[in-house]
Asker: 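The following block contains the structure, expressed as structure tokens.
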Amino acid sequence: MRRITAALIVLAALATWLGLMPSTPARAEEVGSKKFTESVILGEIARIALEDAGIEASHRRELGGSRILWDALRTGEIDVYPDYTGTLRFEILSDLRLPDDAALHDALAARGLAMTAPLGFSNGYALAMRRDTAQRLAIGKISDLAAHPDLDIAVGNEFVARADGWRALSKAYGLGSLDVRGIDHDLAYRALAAGQIDLTDAYTTDAEIEAFDLVVLEDDRTFFPRYDAVYVYRSGLPDTAVRALDSLSGSIDEARMRELNRMVRMEGMGETAAARLALGRDNAGADAAPGRWKRIWDRTLEHLALVAIALAGALLVAIPLGVFAARRRKVGGAVMSATGLLQTIPSLALFVILIPVLGIGAAPTIAALFLYSLLPIVRNTHAGLTGISPTLIDSADALGLSRAARLRRIELPLALPTIMAGIKTAAVIAVGLATLGAIIGAGGYGQPILTGIRLNDTGTILEGAIPAAAMALAFEMLFNLVQRRVTPRGLKQAEQGAKQ
Amino acid sequence: MFELDRLAVRYDGVEALAPTDLSIGEGETVVLLGPSGSGKSTLLRSLAGLTPAEGELRFEGKPVSEWRAVRSRLGYVIQDGGLFPHLTARGNVSLMARELGWEEARIAARIDELAALVALDGDQLDRFPGELSGGQRQRVALMRALMLDPKVLLLDEPLSALDPVTRVRLARELRGIFARLGKTVVIVTHSLGEARFFAQDGEASRAILMRDGRIVQQGAIGDLVANPADPFVAEFLAAEDAL
């Protein structure tokens, strides 16, 4: 028992230490960006422009989708991020049915927000096909699609769901007979190029349109609205910062943006370099990216902090909960069902649900990992305790041990191997799930995986995937070792076939 | 030592022990005898408060309000010892004394005393239950039961898991220990042979024959054999004798 307490204290101390490691620096203006390349480039452009104006700024890259960025801006966790007028009108503020961009300005102002004038390009939706498929089927306009119900269509997940997405398009063009499924936008081009799908949605500034020789179907009923790129920011932003952002208006046209996207996505240029290029700066003075090992080390600390804090918290809650569940069979059943139910919430959904409460970054990720870690530990604590032979419980009672002493001296030591197995399961699951935290800005090994998928760069994906797998294995081995250490010698012999 | 006043035990509505009146005197050796399912173990368990019971039970003349206080004055030994597998023999024996805050020296002295009584050596005491033979485990269980020098020893089929040779040897030793310590002993067995053996001393010992949760007959073991109260008693005693 003393060993368990000591182990808990060490784990909690480690978690605290790791949690304090990436300590928050003095408040700089925070730029956010979504998890696609163009948004990251625009985020970098804003950051550099702010710094050039003498304002300290940092950039939280690749924070998932529109809703996450919007919520982060509303809660003040970021101060500015690039978005598109169409997204703001038809997705974020779709309830208001805003007729034009002037109304959008007013709606933002009412929420303590503002936006710059358009940056000079529209990144609207379009539908794209391979040139050979389009020619073979004689499809040139979106209205031509109605005659081809057999097409294999896969569009970005966001496009399936949004109000101005596939459903509205399908209604406008009478495409009800066409089946459509959702796919990650970054994977869609590869699937299209490989002939696995026939049609997907595209953004008009996507570099792949030219790179893969795709045909953009004519929007012959002008269904798609304009998606002018703007910066959305909190009204409280200092004037110098607003001026710096406004100065970017009209500076990037569609061809320029497509070119920047192509250089990053196809030629491996960094987003910072592309941003400097867009601002007419040479790259001589660009900061060198940290070396690979340094990057991996930083990610390791971030990842470890997420997992360790969540796990330490789960231990403190789940073990008493498991003891309680084992003591009170009826209430115990409810506790087990509740933790089991938590497990069924899709992880991505849970991360996003937690944002309004906990903001973005490490906190909601840790909370989600904590919740997912509860079940294996509660279940195993319960199983370990209820699995003890009633004869031994009788023996303990007959000796005159109090309930607390029985728990401490008899039940927990006997259940310990089972409890440790539960902790091990929770740890391995948490290491894997923590990679999803990158979508909401928690960092860790998910960051390179996210970037790698975005840039179609296997090397970068592996930079996150391999250490994540290694960490899961390391946890597994560590806990096997601990499990062997904390299993009383008498129990090991019992396992080897002797009586009891 | 114990007075039972219409003490009864039900499991899920099934009567495991019918309302029973019984008095067990200090220093007496009582053998609870009967076929399996006759309620003899239930009766023993209710003497240690290990099973919820109706009716009244008085220990040393007073109704029991706090079982924990009573249990430290009872020593309890079950069939396969009920030793905790994660503790050494010594750990098992000293568990409750440690919990009560005894000093190490006192614990060690008491263990030496008991080890001599049950004929175990120090090396055996440092082993885990899984490393001991069945007979050794029962000796350890007896040591554990005697550690706090209880007034009463409760034994539930203490010999039935042992091989015949060990069983006979341990039975002899147990009887010697009972005689030497002069404690109140309640021992459960389904074996007439064991009952005869432990209830030999007519004056201070008694056999209680049970069936279907009821006491059928009690008295000196010789009387039971000579004057069975009903055909069941006669049949049970004869069957035991036949083998």
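Naming: A, B, ... by sequence-line order, numbering from 1 per chain. Note that the structure is predicted; figures quoted are calculated from it, not measured.
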Asker: In this structure, are over 12 heavy atoms from other groups packed under 6.0 Å from Arg58(B) atom CZ?
Answerer: yes
Asker: Does the side chain of Ser395(A) come within less than 4.5 Å of Arg144(B)'s, by heavy atoms?
Answerer: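 Yes, close enough: below the 4.5 Å cut-off.
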Asker: May I ask you to establish whether Arg45(B) and Tyr76(B) are in a cation-pi arrangement, using a distance under 6.0 Å from NZ or CZ to the six-membered ring centre and at most 45° from the ring axis?
Answerer: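 Pair Arg45(B)/Tyr76(B) does not count as cation-pi.
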Asker: Do the side chains of Met420(A) and Val482(A) get nearer than 4.5 Å, heavy atoms only?
Answerer: yes
Asker: Using salt bridge (Lys or Arg N to Asp or Glu O under 4.0 Å) as the criterion, list what pairs up with Lys183(B), not counting sequence neighbours.
Answerer: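 Salt bridge (Lys or Arg N to Asp or Glu O under 4.0 Å) list for Lys183(B), sorted by chain: Asp149(B).
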Asker: Check the pair Leu95(B), Ile410(A) against side chain to side chain contact (heavy atoms under 4.5 Å, CB included), reporting the backbone distance first and the verdict last.
Answerer: CA-CA 10 Å; Leu95(B) 179 65; Ile410(A) 309 298; 3.7 Å; yes
Asker: Which residues in residues 101-125 of chain B have any heavy atom lying under 4.5 Å from a heavy atom of chain A?
Answerer: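 So far as heavy atoms go, nothing in residues 101-125 of chain B approaches chain A to under 4.5 Å.
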Asker: Among Leu154(B), Thr88(B), Ile78(B), which residue has the highest count of heavy-atom pairs closer than 4.5 Å to chain A?
Answerer: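 With the most close heavy-atom pairs to chain A, the winner is Ile78(B).
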